[in-house]
Amino acid sequence: MIELSNITKVYSTKNGELKAVDGVSLEIQKGEIYGIIGYSGAGKSTMIRLLNGLEKPTSGTVVVNGQNISAISGSKLRAARQKISMIFQHFNLLWSRTVEENIEFPLEIAGVPKAERSKRVGELIELVGLAGRGKAYPSQLSGGQKQRVGIARALANNPEVLLCDEATSALDPETTDSILELLLDINKRLGLTIVLITHEMHVIRKVCHRVAVMEAGKVVESGDVLHVFQNPQAQITKKFVSQVSGTSDTKESIEQILANYPSGKLVKVTFIGQQTEQPIISQIIQQYGVDVNIVHGTISHTTSGPYGTLIVHIDGDESKVDIALQILKRHEIQTEVIEHA
Ligand code: ADP
């Protein structure tokens with residue numbers, strides 16, 4: 001559906017050349033929700049502009065829906081861009097137009113007749129949950145409602161791809177969740193391919209099927225969300241994962257926990273999928289007579305299933321503690337003994 005091959009984007013600045021995107025290749029499948037996460041300056045916005053043809057790569061190719069976006073221009077590019085829609089952090093609505101008129105705008109530009117436009121606007125208002133608000137102006141709406149208008153407007157011309165540029169970053173956590181649920185719903189109902197950029201792992205966890213982690217213009221890690229959550233490799237990915245798992249791995253906090261448990265073993269246990277529902281911890285307590293104290297724990301839900309991290313302190317006879325650890329491993333549960341630094 002979307003294929004980026006060896007993309008580099010270099011900007012000339014007064015301080016010399018700046019590589020905003022540096023040798024990125026990735027493939028996004030039709031109908032998936034793909035997240036690109038990175039801190040400010042990582043190159044995410046540049047990637048989005050390359051995907052919708054607003055920027056040309058310095059080298060490499062961008063193919064969207066079978067068309068080489070990086071090689072076309074003029075009316076061909078405009079036609080291709082009608083199938084690539086976008087929503088924005090600050091909504092970019094027309095403030096002097098009502099909700100209906102905002103949603104109608106891209107249909108007017110596409111030359112859709114009035115009667116058809118009105119029908120389509122009605123459908124879109126229903127789809128995004130804004131029934132009864134059609135005559136309101138953007139200034140009369142909450143942030144979440146404004147983004148719903150943005151989404152309806154983006155869907156007006158039946159796009160193949162929806163690009164989301166930090167679409168929930170200006171919203172409070174509850175509203176963020178309701179907008180993410182709407183995106184999931186639209187993805188399922190319409191089979192729409194969604195690419196989103198964000199600096200929040202919560203957004204990735206909640207809606208994405210796959211993720212690419214960007215740092216200094218490069219994709220440092222990519223894969224299925226559940227897999228990346230379970231096995232983060234790059235330092236930056238570990239940091240993002242700890243945003244949502246709540247198990248901050250900083251040396252200080254681990255040293256603090258270790259100080260409280262001079263004997264036994266402190267173990268970080270990561271569960272995924274069905275394992276989170278099995279009472280394995282209570283089994284090892286009963287069968288091997290070890291003491292298990294849960295020091296910290298969270299279970300989060302991703303689109304592909306639950307994911308959990310526990311920090312447990314296992315104490316008792318040394319050989320029994322070792323057997324307990326082996327049992328956890330035999331259940332294919334990832335364990336990591338935390339040692340003093
Ligand atoms: P992000 O969206 O992850 O914050 P950007 O893609 O906006 O990252 O920026 C990546 C790098 O490219 C930054 O160092 C930024 O300053 C630089 N950059 C982005 N756009 C331009 C531009 N038009 N001209 C010069 N430098 C740019």
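Computed over heavy atoms, backbone and side chain alike; hydrogens, waters and symmetry mates excluded. Nothing here was measured: the structure is a model prediction, and the numbers come from that model. Order of appearance sets the numbers: ligands from 1, and atoms from 1 within every ligand.
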Checklist entry - Numbering the atoms of ligand 1 from 1, which are under 4.0 Å from a heavy atom of Arg49? => result 20 (N)
Checklist entry - side-chain contact (heavy atoms from CB on, under 4.5 Å) with Met1: which of Val161, Val63, Ile28? => result Val161
Item to check | Proximity flag Gly43 to ligand 1, non-hydrogen atoms under 4.0 Å | outcome: yes
Checklist entry - Counting only heavy atoms on the protein side, is anything nearer than 4.0 Å to atom 16 (O) of ligand 1? => result no
Checklist entry - Where do Asp315 and Ser263 come nearest, in terms of heavy atoms and distance? => result OD2-OG, 3.0 Å
Next on the checklist: Judged on heavy-atom distance to atom 3 (O) of ligand 1, which of His199, Met47, Lys44 sits nearest?
Outcome noted: Lys44
Checklist outcome for this item: heavy-atom search around atom 6 (O) of ligand 1 in the protein gives Thr46 OG1, 2.5 Å
Item to check | Verdict with supporting geometry, Arg97 and Glu108, salt bridge (Lys or Arg N to Asp or Glu O under 4.0 Å) | outcome: CA-CA 13 Å; Arg97 284 183 159 227; Glu108 285 172 39; 3.2 Å; yes
Checklist entry - Checking salt bridge (Lys or Arg N to Asp or Glu O under 4.0 Å) for the pair Glu104/Lys114: CA distance, chi angles, key distance, verdict? => result CA-CA 9 Å; Glu104 199 179 359; Lys114 177 71 191 163; 3.0 Å; yes
Checklist entry - When you look at Glu116 and Lys119, which way does the salt bridge (Lys or Arg N to Asp or Glu O under 4.0 Å) test go after all the steps? => result CA-CA 5 Å; Glu116 209 178 302; Lys119 183 167 168 280; over 6 Å; no
Checklist entry - When you measure from atom 14 (O) of ligand 1 to every protein heavy atom, which one gives the shortest distance, and what is it? => result Leu18 CD2, 3.7 Å
Item to check | For Ala42, atoms of ligand 1 separated by under 4.0 Å from a heavy atom | outcome: 1 (P), 3 (O), 8 (O)
Checklist entry - By number and element, which atoms of ligand 1 are closer than 4.0 Å to a non-hydrogen atom of Tyr39? => result 3 (O)
Next on the checklist: Heavy-atom distances under 4.0 Å decide this one: backbone, side chain, both or neither, for Val21 against ligand 1?
Outcome noted: neither
Next on the checklist: With a sphere of 6.0 Å drawn around NZ of Lys83, does it hold more than 12 non-hydrogen atoms of other residues, nucleotides or ligands?
Outcome noted: yes
Next on the checklist: Quick test: of every protein heavy atom, which one is nearest to atom 2 (O) of ligand 1, and how far off is it to 0.1 Å?
Outcome noted: Ser45 OG, 2.5 Å
Checklist entry - Identify the closest protein heavy atom to atom 10 (C) of ligand 1: which residue and atom is it, and at what distance? => result Gly41 O, 3.4 Å
Next on the checklist: By the definition side-chain contact (heavy atoms from CB on, under 4.5 Å), identify the one residue from Ile125, Asn102, Thr98 that meets it with Val149.
Outcome noted: Asn102
Checklist entry - Can you tell me the protein heavy atom closest to atom 23 (N) of ligand 1 and the distance? => result Tyr11 CE2, 3.5 Å
Checklist entry - Given Asp165 and Lys44, is the salt bridge (Lys or Arg N to Asp or Glu O under 4.0 Å) satisfied, shown in steps? => result CA-CA 9 Å; Asp165 183 358; Lys44 307 180 296 295; over 6 Å; no
